[in-house]
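Have a look at the structure below, then the notes.
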Amino acid sequence: MIVSVEGYSEGGIIVEDCLALLLNLLRNNLSNQNFFRETSNIQRIAPFFEMEQSDDAKEGCPVWNVQKQSNIILMLDILQVLISPTNNPQSVISCQKVMYTRGIYMQLMDLLLFPISLQIYSRG
């Protein structure tokens, strides 16, 4: 809820903190991952990856500031935790099915092909 109110990937440090907390809760914790999936939270991820043209675009390519890059990377880390090969195969398949039916995989493909201009971001 907080992430949606704060603007998903466009949000600021509050979104980043929420995503970092969520990542820590999900990492290596199958019980939390199952709860996250069973309470339909994977479906709520889809708006996070909606890419829109912005007013600050350079030559047709939107510019992503460091904060947006950080938010996107954290959400990708969360998705990676949910479908990690170290998880129970049935849990991975369940997450993958939800991600597929909700169009998240297509959004990730769009993200890969989306023309963007990035500010330098160093993950440290």
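With contacts defined as side-chain heavy-atom distances shorter than 4.5 Å, the pair Y105/L79 does not qualify. Looking at heavy atoms from C-beta onward, M75 lies in side-chain contact with I45 at the 4.5 angstrom threshold. Side-chain contact between V3 and L22 is absent, with no heavy-atom pair separated by less than 4.5 Å. Between F35 and N29, the closest side-chain pair of non-hydrogen atoms is not below 4.5 Å.
Rounded to the nearest 0.5 Å, atoms OG (S94) and CE (M99) are 12.5 Å apart. Remark: R27 CZ to Q80 CD distance equals 8.5 Å, nearest 0.5 Å. A distance of 6.0 Å separates CD of Q107 from CD of E50, quoted to the nearest 0.5 Å. A distance of 7.0 Å separates CD in Q96 from CD1 in I93, rounded to the nearest 0.5 Å.
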- Task: Quick one: do N88 and N34 satisfy side-chain contact (heavy atoms from CB on, under 4.5 Å)? Show the steps, please.
- Result: CA-CA 10 Å; N88 174 323; N34 287 336; over 6 Å; no
- Task: With side-chain contact (heavy atoms from CB on, under 4.5 Å) as the test, would you mind laying out the steps for L19 and F48 before giving the verdict?
- Result: CA-CA 11 Å; L19 294 176; F48 199 90; 3.6 Å; yes
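Between S84 and the options V81, L82, N87, a side chain to side chain contact (heavy atoms under 4.5 Å, CB included) holds for only N87.
With no hydrogens or angles considered, no side-chain donor-acceptor pair links S4 and R44 at under 3.5 Å.
Under a hydrophobic clustering in which Ile, Leu, Val, Met, Phe, Trp and Tyr are joined whenever their side-chain heavy atoms come within less than 4.5 Å, directly or via other members, V92 and L76 fall into the same cluster. V66 and I13 fall into different hydrophobic clusters, defined by Ile, Leu, Val, Met, Phe, Trp and Tyr side-chain heavy atoms under 4.5 Å apart, directly or through other members. Cluster annotation: Y100 and I83 are assigned to the same hydrophobic cluster (Ile/Leu/Val/Met/Phe/Trp/Tyr, side-chain heavy-atom contacts under 4.5 Å, transitive).
More than 12 heavy atoms of other residues, nucleotides or ligands shown are found within 6.0 angstrom of CG on L112. Within 6.0 Å of atom CG in L108, more than 12 heavy atoms from other residues, nucleotides or ligands are found, so the atom counts as buried in its surroundings.
Counting all heavy atoms, side chain and backbone alike, P47 lies closest to Y8 at CB-CZ, 3.5 Å. Across every non-hydrogen atom of L26 and Q33, the tightest pair is O-NE2, 2.8 Å. Between I104 and I42, the closest heavy-atom pair is CD1-O, 3.5 Å. Between G11 and N71, the closest heavy-atom pair is O-ND2, 2.8 Å. Nearest heavy atoms, S91 versus R37: OG-NH1, 3.2 Å. Nearest heavy atom pair, residue C18 against residue I2, reads SG-CG2, 3.6 Å.
For the pair N32 (side chain) and L25 (backbone), a donor-acceptor distance under 3.5 Å is present.
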